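These notes concern the structure reproduced below.
What you are looking at is a predicted structure, and each value in this text was computed from that prediction instead of being measured.
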Amino acid sequence: MSATPHSNRAARRVLAAAAGLATVGALVAAMPASADGRGHGHGHTPSRTVDVQLLSFNDLHGNLEPPAGSAGNVTETQADGTTKSVPAGGAEYLATSLRTARQGHPYSITAAGGDMIGASPLLSGLFHDEPTIEALNKIKLDVTTVGNHEFDEGAVELARMQNGGCHPTEGCYEAGKKFEGADFPYLAANVTSEKTGKPILKPYTVWKKNGVKIGFIGVTLEGTPNIVTANGVKGLKFHDEIETVNKYAKELDRQGVKSIVALIHEGGSPASSSYNYGCDSPGAGDGISGPIVDIAKGISPKVDALVTGHTHQAYVCTIPDPAGNPRLVTSAASYGKLYTDTTLTYDRRTKDIVRTAVKSPVSGNHIVSRDQAKASDISQLIARWSALAAPIANRPQGYIAADINGRGATAYEKPLGDLIADAQLAGLSPADKGGAQIAFMNPGGIRSDLVYKASGTEGDGVVTYGEAFTVQPFTNMMNVVDLTGAQVVSALQQQVSGSNEASPKILQSSKGLTYTLDMTKAGAARVVTDSIKLDGVAIDPAKTYRVAMNEFLAGGGDGFAALGQGTNKLVGASDLDVFNAYLAANSSASAPIAPPATDRITVIQ
C-alpha cells in the first residue's frame with residue numbers, strides 16, 4: 001500500500017536538505033523548522049520556507065458511491081514485481097482520506113483537474129450533479145478547473161453549478177431547499193464567450209494564508225468541442241492551453257504572485273497502468289507519453305507544478321520546464337480512487353516555490369482505500385439523495401448472466417459495446433424507426449460495466465435503471481442517417497487516423513458488420529478495406545446504408561467527420577431508452593443475456 005502523508009513528512013525535509021536548496025543557504029540551516037513550516041527559534045522568528053501541502057484529484061465524474069466492477073479497482077505493483085487490484089474510491093472514503101492527509105498541515109490546499117461532474121452515475125446525474133457539488137463543498141475542495149464534461153449541459157448550466165439556483169425546468173428537488181452552488185471557484189482561463197471574448201468563468205484564483213500566496217490557473221483541453229455535443233459548446237471558443245497558461249502566469253507574476261500551479265484538463269498515458277509506477281525511469285518523464293508532454297514542455301517556467309487529468313491515468317512525473325528545471329506533472333486516475341499529495345516548498349523571500357530534483361516522497365499518489373472509516377456527513381448526503389432517486393434507480397430493466405465489461409474492457413472491441421450497438425440496431429431497424437442496417441457506438445460514451453453481483457437489494461444478475469444509466473448517462477438522442485459505403489469506410493479509417501491516430505477510438509459495431517484492423521500499419525491503412533463486410537457481403541462504396549448512432553457521433557464528434565456527413569436524418573428515442581427497451585425485450589430471470597462473443601473486429605498486432 002502507499003505510504004501515508006505523515007510517514008513522508010520527515011523524508012520530505014531530509015530530501016529538501018539533501019537537494020541543497022541553494023537559494024535558502026545558511027539561513028535555513030541555522031533555524032530549526034517544525035513540521036508546519038514555522039520556526040521555533042529565539043523570538044519565534046518565522047522560517048524562510050514553508051511546506052505547503054497540495055492535495056489533488058481529477059475526473060470524479062459524480063461518482064459519489066464506490067464505482068462498481070473493474071472501474072472501481074486500482075492496479076498496484078508489489079515489491080516482487082507482481083500486480084494486484086485494490087478496490088478503491090467513493091466520496092465517503094475520499095473525504096476521509098483527504099481529511100486524514102490534512103492533519104498536521106496548517107498550509108494545505110485541495111485542488112482538482114476537472115470533470116468533477118458530467119458522465120455521472122444516476123445518483124448525481126439524475127439531479128444535474130447538484131449532489132456532487134454539495135459533496136465537494138463538504139470535502140472542502142479549494143479550486144478546480146473545468147473539464148470537457150463540465151460542458152455536457154452547456155455554459156448556462158455550468159454557471160448554475162458555480163453560482164447556485166434551482167434547475168430552470170425541473171426546479172428545486174427538495175422542498176424548502178435551494179441549490180447553493182459551489183463554494184470553490186471553477187476556473188476556465190481558455191474558454192471565452194464568442195460575444196464578449198472574455199473567459200466565461202474566472203481564469204485564475206490566488207490562495208492566501210499568513211502571507212503565503214499561490215496562484216492557480218485552470219484550463220481544459222483545446223479540443224473540447226470535438227468531444228462534447230454541439231449544444232454544449234455553443235457560443236464558446238476554446239483556446240490553446242500553453243498560450244493561455246503562459247498569458248495568465250505573466251499576469252499573476254506582475255501582481256507579485258510568483259508561486260503558480262496550473263490545473264490542466266488534458267493528460268498523458270504512462271507506460272504502466274499501476275498507480276505506483278515510477279514514470280521517471282530511466283530519465284525524467286521518460287515513462288509517459290501523450291498530449292500533456294508537449295504541453296508541459298511549453299508552459300512557462302513561472303508555473304511550478306501541473307495537476308492534470310482527462311486520460312483517467314495515474315502518474316507522478318517530472319517533466320523539465322523550458323528552462324530545464326524539474327517540474328511535477330501529476331494525475332490521480334479517476335472516480336476518486338486516488339489522490340495526489342505534493343509538498344510545495346514556499347520561499348517567503350522570493351515568494352516562489354523552491355524547485356529541486358523531484359523524487360518520491362515530495363509527491364505521490366495514494367489509494368482511497370475502502371478499508372477506512374466512511375465520512376458520516378458524506379454518507380448522510382448520499383442517503384438523502386438516494387431516497388429521492390430510489391423509485392427510479394431501483395427499477396429492474398433486464399437480466400445478465402455474467403459481468404459484461406465496457407469501461408473495464410481493455411480490448412478494442414468491448415462486450416458491452418457490442419451489446420449497446422446491438423440494442424441500437426434492434427431499436428432503430430424497423431422501417432418506422434429509421435430502417436437502420438448498421439449501428440455505431442463511441443467507446444468514450446460507455447462509462448461503466450454491467451456487473452452481475454447485486455449492488456443493492458435487486459438480486460444478482462438484475463440490471464436496474466440506475467445501473468443502465470451509469471453505463472449511458474448522457475441521454476443522447478439516437479439518429480439514423482444515410483451514409484454511402486465509402487463514408488462508412490472513411491469512418492472506420494478515422495478510428496485510427498487523423499486526430500485518432502495516436503490514440504485510436506474504435507467504434508463499437510452492431511452484429512453483422514465485420515472487418516480487420518492491422519495495427520502493424522499506420523494511419524488509415526490499418527483498416528483492411530476489402531475485409532469490411534455487412535452480413536458477409538462486402539461494403540459497396542456506391543451504395544447507401546442506413547446507419548444508427550447517437551447525436552454526438554452524428555455531429556462528427558470524436559474526430560468522425562464522415563459520420564457527420566449523414567443525410568435524411570431521423571431522430572429517435574434516447575440512447576438510454578433504446579438500451580433499456582432492448583434489455584426488457586431480450587432478457588428474463590430464466591433467460592439472462594450472456595456477454596457477447598466480441599468477434600466482429602479481427603485485430604492484427
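- Of the candidates Ile299, Ile217, Val206, Ile260 forms a side chain to side chain contact (heavy atoms under 4.5 Å, CB included) with just one, namely Ile217.
- Counting non-hydrogen atoms of other residues, nucleotides and ligands closer than 6.0 Å to NZ of Lys505 gives a total above 12.
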Assess the residue pair Tyr186 and Ile133 against the criterion (side-chain contact (heavy atoms from CB on, under 4.5 Å)); give the C-alpha distance rounded to whole Å, side-chain angles, the decisive distance to 0.1 Å, and a yes or no. CA-CA 11 Å; Tyr186 257 112; Ile133 298 297; 4.1 Å; yes
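- Residues Thr330 and Ser56 meet the side-chain proximity criterion, which asks for heavy atoms closer than 4.5 Å.
- Between Pro121 and Asn63, some side-chain heavy-atom pair lies under the 4.5 Å cut-off.
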List the steps and the verdict of side-chain hydrogen bond (donor to acceptor under 3.5 Å, both in side chains) for Trp385 and Glu130. CA-CA 10 Å; Trp385 287 103; Glu130 290 181 19; over 6 Å; no
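- Val257 approaches Gly215 most closely through the heavy-atom pair CG1-N, 3.5 Å.
- One finds the CD atom of Gln255 at 10.5 Å from the NZ atom of Lys258 (value rounded to the nearest 0.5 Å).
- No side-chain donor-acceptor contact under 3.5 Å links Asn226 to the backbone of Gly557.
- Outside the 6.0 Å centre-distance limit, the rings of His366 and Phe57 are not counted as a close aromatic pair.
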Worked check of ring-ring contact (aromatic ring centres under 6.0 Å, His included) between Phe238 and Phe151: CA-CA 12 Å; Phe238 292 78; Phe151 294 93; 5.3 Å; yes
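- Among the candidates Asn365, Ile367, Val368, the single residue satisfying the side chain to side chain contact (heavy atoms under 4.5 Å, CB included) test with Val74 is Ile367.
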Hey, mind stepping through Phe216 and Trp207 against ring-ring contact (aromatic ring centres under 6.0 Å, His included) and telling me if it holds? CA-CA 8 Å; Phe216 289 85; Trp207 181 91; 8.0 Å; no
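- The closest side-chain donor-acceptor pair between Thr220 and Asn148, if any, does not fall under 3.5 angstrom.
- With a 4.5 Å cut-off on side-chain heavy atoms, Asn58 and Val307 do not count as touching.
- In summary, the side chains of Asn210 and Tyr107 do present a donor paired with an acceptor at a separation below 3.5 Å, with no hydrogens or angles considered.
- In this structure, Gln313 contributes its side chain and Thr311 its backbone to a donor-acceptor pair below 3.5 Å.
- In this structure, Leu187 CG and Tyr204 OH are separated by 11.0 Å, a value rounded to the nearest 0.5 Å.
- Legend: salt bridge (Lys or Arg N to Asp or Glu O under 4.0 Å) pairs involving residues 206-233, not counting sequence neighbours: none detected.
- Taking 4.5 Å as the limit, every side-chain heavy atom of Asp115 sits out of range of all side-chain heavy atoms of Leu60.
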Tyr275/Glu76 under side-chain hydrogen bond (donor to acceptor under 3.5 Å, both in side chains): CA gap, chis, key distance, verdict: CA-CA 6 Å; Tyr275 88 94; Glu76 181 180 65; 3.1 Å; yes
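- The shortest distance between side-chain heavy atoms of His128 and Arg160 falls below 4.5 Å.
- Ring geometry, His61 versus His312: the interplanar angle falls from 30° to 60°, so the pair is classed tilted.
- Summarising the geometry, atom CD belonging to Glu153 is positioned 7.5 Å from atom CE belonging to Met161; distances are rounded to the nearest 0.5 Å.
- Ionic pairing of Asp304 and Arg327 is not present here: no N-O contact between side-chain nitrogen and carboxylate oxygen is shorter than 4.0 angstrom.
- Smallest separation of non-hydrogen atoms from Ile117 and Glu150: N-OE2, 3.4 Å.
- Under the 3.5 Å distance criterion, the side-chain polar atoms of Asp142 are matched with a main-chain donor or acceptor of Thr110.
- With respect to Lys138 and Asp377, no salt bridge is recorded, no charged nitrogen being found less than 4.0 Å from a carboxylate O.
- Contact detail for Thr132 and Gly62: the closest heavy-atom pair is OG1-CA, 3.2 Å.
- Heavy atoms only, all atoms of each residue included: Asn137 and Gly181 are closest at ND2-O, 3.1 Å.
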Is there a side-chain contact (heavy atoms from CB on, under 4.5 Å) between Leu55 and Gln53? Walk through the geometry before answering. CA-CA 6 Å; Leu55 302 175; Gln53 179 188 56; 3.7 Å; yes
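- There is no side-chain donor-acceptor pair under 3.5 Å between Asp558 and Asn500.
- With a 4.5 Å cut-off on side-chain heavy atoms, His167 and Phe127 do not count as touching.
- Looking only at side-chain heavy atoms (C-beta outward), Ser108 and Arg102 come within less than 4.5 Å of each other.
- In summary, Arg355 and Asp321 engage in a salt bridge, as defined by a charged side-chain N under 4.0 Å from a carboxylate O.
- Atom OG of residue Ser300 and atom CG of residue Asn246 lie 5.0 Å apart, to the nearest 0.5 angstrom.
- Considering every non-hydrogen atom in both Leu123 and Pro131, the closest pair reads O-CG, 3.6 Å.
- Using modelled atom types, one finds a donor on one side chain and an acceptor on the other under 3.5 Å when comparing Ser124 with Asp129.
- There is a side-chain donor-acceptor pair under 3.5 Å between Glu92 and Ser379.
- Side-chain contact of His310 with Thr308: a donor-acceptor pair under 3.5 Å is absent, judged by distance alone.
- Using a 4.5 Å heavy-atom cutoff, the side chains of Ser281 and Asp286 are not in contact.
- The structure places CG of Leu252 at 10.5 Å from OG of Ser259, a figure rounded to the nearest 0.5 Å.
- Residues passing the side-chain contact (heavy atoms from CB on, under 4.5 Å) test with Thr244 are Ala189, Asn190, Val219, His239, Tyr248, sequence neighbours excluded.
- Contact check on Glu251 versus Lys302 returns no salt bridge, with no Lys/Arg side-chain nitrogen under 4.0 Å from an Asp/Glu carboxylate oxygen.
- Here the shortest heavy-atom pairing between Gly118 and Asp152 reads CA-OD2, 3.6 Å.
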Apply side-chain contact (heavy atoms from CB on, under 4.5 Å) to residues Tyr335 and Arg407 and explain how you reach the verdict. CA-CA 12 Å; Tyr335 302 163; Arg407 197 74 177 180; 3.8 Å; yes
Could you walk me through whether Thr229 and Phe474 satisfy the side-chain contact (heavy atoms from CB on, under 4.5 Å) test, starting with their C-alpha distance in whole Å, then the side-chain angles of each, then the deciding distance to 0.1 Å, before giving a yes or no? CA-CA 10 Å; Thr229 58; Phe474 299 109; over 6 Å; no
